Amino acid sequence: MTSTASASLFSAIDMAPRDPILGITEAFNADTNPAKINLGVGVYYDDNGKVPLLQCVQKAEAKLMEQLSPRTYLPIEGLAAYDKAVQELVFGADSAVIQDKRAVTVQAIGGTGALKIGADFLKRFSPDSHVFISDPSWENHRALFESAGFTVNNYTYYDEATHGVNFEGMLASLRKMAPGSIVVLHACCHNPTGADLTQDQWGQVIDAVQQGGLIPFLDMAYQGFGAGIAEDGAVVRRFVDAGGPLLVSNSFSKSFSLYGERVGALSVVASSAEEAARLLSQLKRVVRTNYSNPPQHGGKVVATVLATPELRGLWEEELAGMRVRIKQMREDLVAKLAKAAPQRDFGFVREQVGMFSYSGLTKEQVGKLREESIYAVDTGRICVAALNSKNIDRVVDAIAKVL
Ligand SMILES: Cc1ncc(COP(=O)(O)O)c(C=O)c1O
């Protein structure tokens with residue numbers, strides 16, 4: 001190609017639309033106000049406004065340093081210890097799908113990478129399926145599945161009037177889907193609404209998925225931030241018990257506070273060990289043609305913590321600490337808003353689960369918050385896990401002011 005031809009190729013390329021979440025961080029970083037607060041991005045900060053480095057992670061890293069250099073090159077088979085530890089966490093160590101070798105797990109580059117590997121895999125073997133995501137959903141769900149070549153639709157989920165799930169609407173949506181449709185479900189801590197299904201509602205969703213011949217894809221990015229590690233993972237086990245194909249993406253970004261290491265996994269449940277072996281070979285192919293292997297350090301840290309009883313116990317404590325502190329921030333936010341903005345009932349924020357609150361603030365109000373150097377998502381999503389004892393009053397005052 002001549003240089004003129006390549007120049008015209010590139011000169012025809014438009015600016016990509018701004019990522020709604022990452023764009024907030026860019027604007028936040030550019031803000032020179034020292035009192036700026038970022039409630040836009042989904043990151044847990046401690047009471048000093050810092051992303052915590054968990055003790056279990058520090059101890060696992062120290063242990064790894066005693067062994068091999070983390071940069072030691074291992075062959076492309078990846079980290080078998082990681083895949084096994086994650087599988088036991090996701091399905092439960094005593095799960096029949098592990099004993100029968102019907103579940104396969106591949107390390108992925110964060111939860112996002114797990115979704116992408118799953119999407120590319122499904123596109124190869126179920127190319128005509130439509131994908132359904134909740135209305136609303138994590139912004140990247142649509143983009144990820146569309147970039148894998150799927151048509152992406154919404155299913156009814158959130159009811160603004162009750163700040164809860166429009167469950168009848170959701171069931172009606174599920175029942176209308178064509179067999180073979182792929183339905184992406186948030187296993188816990190729904191992002192962005194913080195509205196989860198009850199155990200009874202999950203049972204009805206599982207029935208609808210089974211009866212409709214749908215392909216469930218559980219996205220579990222916040223295991224441990226809802227009711228607890230086992231409690232949040234219970235839904236995966238219920239889907240397994242119901243039988244049928246199942247994909248599960250999970251992420252350790254939040255639960256290990258390892259945002260930068262990009263540690264996640266994709267697990268797929270097959271109907272037999274022989275089928276599982278075929279699926280694994282295809283999953284590895286998708287990984288191989290994208291980036292060959294995932295990076296190893298984060299995976300080793302997570303595998304070390306999960307497989308070392310002392311560190312595992314420490315992780316569970318530290319994760320519980322984060323979960324409890326977020327609950328406390330919800331309580332404080334509701335109590336403070338009740339005083340500062342009594343005209344509006346924010347009691348629902350207490351009932352929401354996970355890191356986010358769908359606050360009900362309008363785009364205009366979010367825009368006004370930004371004039372106070374407080375950054376939230378245009379849809380009104382705020383990250384409760386970014387509040388702390390030092391910034392909460394400023395946030396409450398600013399919300400009261402914009403209402
Ligand atoms: C619902 C949901 N899925 C997946 C992810 C991706 O996780 P990761 O940051 O590990 O790629 C996120 C992260 O924000 C999320 O909220």
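Both backbone and side-chain heavy atoms feed into the values below; hydrogens, waters and symmetry mates do not. Read the numbers this way: they start at 1 and go in the same order the structure lists the ligands and their atoms. The structure presented is a predicted model; accordingly, all values stated were derived computationally and were not measured.
- The distance from atom CG of Asp241 to atom CD1 of Ile206, rounded to the nearest 0.5 Å, is 8.5 Å.
- Applying the salt bridge (charged side-chain N to carboxylate O under 4.0 Å, His left out) rule to pairs touching residues 389-400 yields Asp47-Lys390, Lys336-Asp393, sequence neighbours excluded.
- Within 4.0 Å of ligand 1, heavy atoms belong to protein residues Gly110, Gly111, Thr112, Leu115, Trp138, Asn191, Asp219, Ala221, Tyr222, Ser251, Ser253, Lys254, Arg262.
- Residue pairs that meet the salt bridge (charged side-chain N to carboxylate O under 4.0 Å, His left out) test with at least one member in residues 361-375, sequence neighbours left out, are Glu372-Lys401.
- A cation-pi arrangement is present between Lys123 and Phe150 under the rule of less than 6.0 angstrom and at most 45 degrees off the ring axis.
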List, one per line, each side-chain donor-acceptor pair under 3.5 Å for residues 87-94, sequence neighbours excluded.
unit_1 : atom_1 : unit_2 : atom_2 : d
Gln87  : NE2    : Ala103 : O      : 3.0
Gln87  : NE2    : Thr105 : OG1    : 3.0
Glu88  : OE2    : Lys84  : NZ     : 3.3

Inset, instruction - Start with the C-alpha distance between Tyr158 and His190, add both sets of side-chain angles, then the distance that settles ring-ring contact (aromatic ring centres under 6.0 Å, His included), and finish with yes or no. - result: CA-CA 10 Å; Tyr158 189 62; His190 187 271; 7.8 Å; no

